[in-house]
2 protein chains.
Amino acid sequence: MSSIGRRPRADALRNRQQVLAEADAVFREHGAAGSLESVARRAGVAIGTLYGHFPTRHVLVGALLRERHDTLFTWGDELTAGDDPWDALGNWVRAVVEHTATYRGLADLFAASAADAESELHVDCARMTAIGEALVAAARNAGVVRPDLGGEDVFVLMNAAAWARAQLSPAEADRLVGFTLDGFRASGTRSGR
Amino acid sequence: MSSIGRRPRADALRNRQQVLAEADAVFREHGAAGSLESVARRAGVAIGTLYGHFPTRHVLVGALLRERHDTLFTWGDELTAGDDPWDALGNWVRAVVEHTATYRGLADLFAASAADAESELHVDCARMTAIGEALVAAARNAGVVRPDLGGEDVFVLMNAAAWARAQLSPAEADRLVGFTLDGFRASGTRSGR
DNA sequence: ACCTGAACACCGTTCAAGT
DNA sequence: ACCTGAACACCGTTCAAGT
């Protein structure tokens, strides 16, 4: 039998939570590639303790995002069932862009994880792509997006825009999203005409 | 009097060129954030020699890009004088995206340099933005792009797409460029209708 | 069961000493 | 005028030793 379900030691639980809290702070300040030694230092634990709880950076980031992703993905599934597929797609893209920009460099992590099935973040990327795919399919059925648009296009836009949001300027990144979404529309359905 | 115009020592010149050659190789393999120690090692010089010639990473990258940028920017100026402003804009964007993707992480360097007037790459970013501005102005006069489009939008698209090209997939990044350029068009002028 | 911190390998950057 | 490489500060990651 494994130890699943076993109550963890009280100090271990506290260490784990301290590390998560400080990792969030360090990643917000210095990006998702921020120093793990500084995380351990700020959390008041030895570096080995950090590695004991989170063997890789992907696992640590994955633990930090777990809750936020659960909420985000559940909401994404609900969007799929809505009645305005165009607005659903736009709202989804904007929300994920904002989320992905919370840590500078998170888009790079997602890019690496999408291509690496071993990464702890791979399932998250797959889920994100799947939701995009569903939203695109609904919009395609409604005839509001170009017929050649795919879920992958949405994933690329979201990550590229998140990169721009964190590295260049939030406002400019939002403009980029707006222009590109307009480019996603089916010919002749643009709002401006 | 400064030593400008003075003939550099033969060994110094060779070291400089060796460092440039190996830096290009290392940056192509490992990105623009690749190890400078490995560059020096591969070039057969001490680390201090590298720093003597190139005091910062920006200076080194700037020296590597100088020629390519001269060619690129001269061509960009010529594009401005052409007779099809829409094609000119598209060709410019696609060429710069491909260029910026030669070193993974170069878009990040450009993003940092655009915001930092002290960076050796800042003038390059300013020049890139200025050419984009001129191309957008010409396209706006011709009525082929939305009136609210700016040169900054072009800069953002180019860097975000270069990021996507290097981190995700070249083909997908090109699709993103295509969609976004379509979003740049003035209402009612899309090719597909 | 978990924590500690030394150990190893690597890197960026500076600078006194050489030629 | 230029080159060298030791020195310092920092980091990622592992693992034997402790409790």
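Proteins get letters first, then strands, A, B, ... in listed order; numbering begins at 1 in each.
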Proximity to the side chain of B:Ile47 - top-ranked nucleotide from D:dG5, D:dT13, C:dC11: D:dG5
Contact summary for B:Leu181 and B:Gly90, nearest pair of heavy atoms: CD1-CA, 3.9 Å
Value in whole Å for how far the C1' atom of D:dC11 lies from CD of A:Glu37: 5 Å
Length of the line joining A:Leu36:CG and D:dG12:P, which is rounded to integer Å: 5 Å
Geometric class of the A:Phe73/A:Trp92 ring pair [parallel <30°, tilted 30-60°, perpendicular >60°]: tilted
Most 5' of B:Gly34 and A:Gly44 on DNA chain C, judged by nearest nucleotide: A:Gly44
First of B:Arg57 and B:Gly48 reached from the 5' end of DNA chain C, by closest nucleotide: B:Arg57
Nearest-neighbour nucleotide for the B:Asn15 side chain, D:dT4, C:dT4, D:dC3 considered: D:dC3
Minimum heavy-atom distance A:Thr100-A:Asn159, with the two atoms named: CG2-OD1, 4.1 Å
Output field: ring centroids A:His58/A:His122 closer than 6.0 Å: no
Nucleotide nearest A:Ala12 when distance is taken to its side chain, options C:dT4, C:dC2, D:dC3: C:dC2
Distance, rounded to the nearest Å, where B:Asp11 contributes CG and D:dC3 contributes P: 5 Å
Nucleotide nearest B:Arg9 when distance is taken to its side chain, options D:dA1, C:dC2, D:dG5: D:dA1
Atom-pair distance (NE2 on A:His53; C1' on D:dT13), nearest Å: 17 Å
Residue B:Tyr51, side-chain atoms from C-beta onward, closest of D:dC3, C:dT4, C:dT13: C:dT13
Who pairs with D:dA6 - Watson-Crick or G-U, where each distance is under 3.5 Å: C:dT14
Value in whole Å for how far the P atom of C:dG12 lies from CZ of B:Phe54: 15 Å
Sugar-phosphate only, base, or nothing, as touched by A:Ser35 at under 4.0 Å among non-hydrogen atoms: sugar-phosphate
Check: A:Asp124 and A:Arg66 side chains under 4.5 Å, non-hydrogen atoms: yes
Touch class at under 4.0 angstrom, heavy-atom based, for A:Arg41 against every strand present: sugar-phosphate
Nearest-angstrom distance from the residue atom NE2 of A:His58 to C1' of D:dT13: 15 Å
Spacing between A:His30 atom NE2 and D:dC11 atom C1', to the nearest angstrom: 14 Å
Separation of D:dC11 C1' from A:Leu50 CG (nearest whole Å): 13 Å
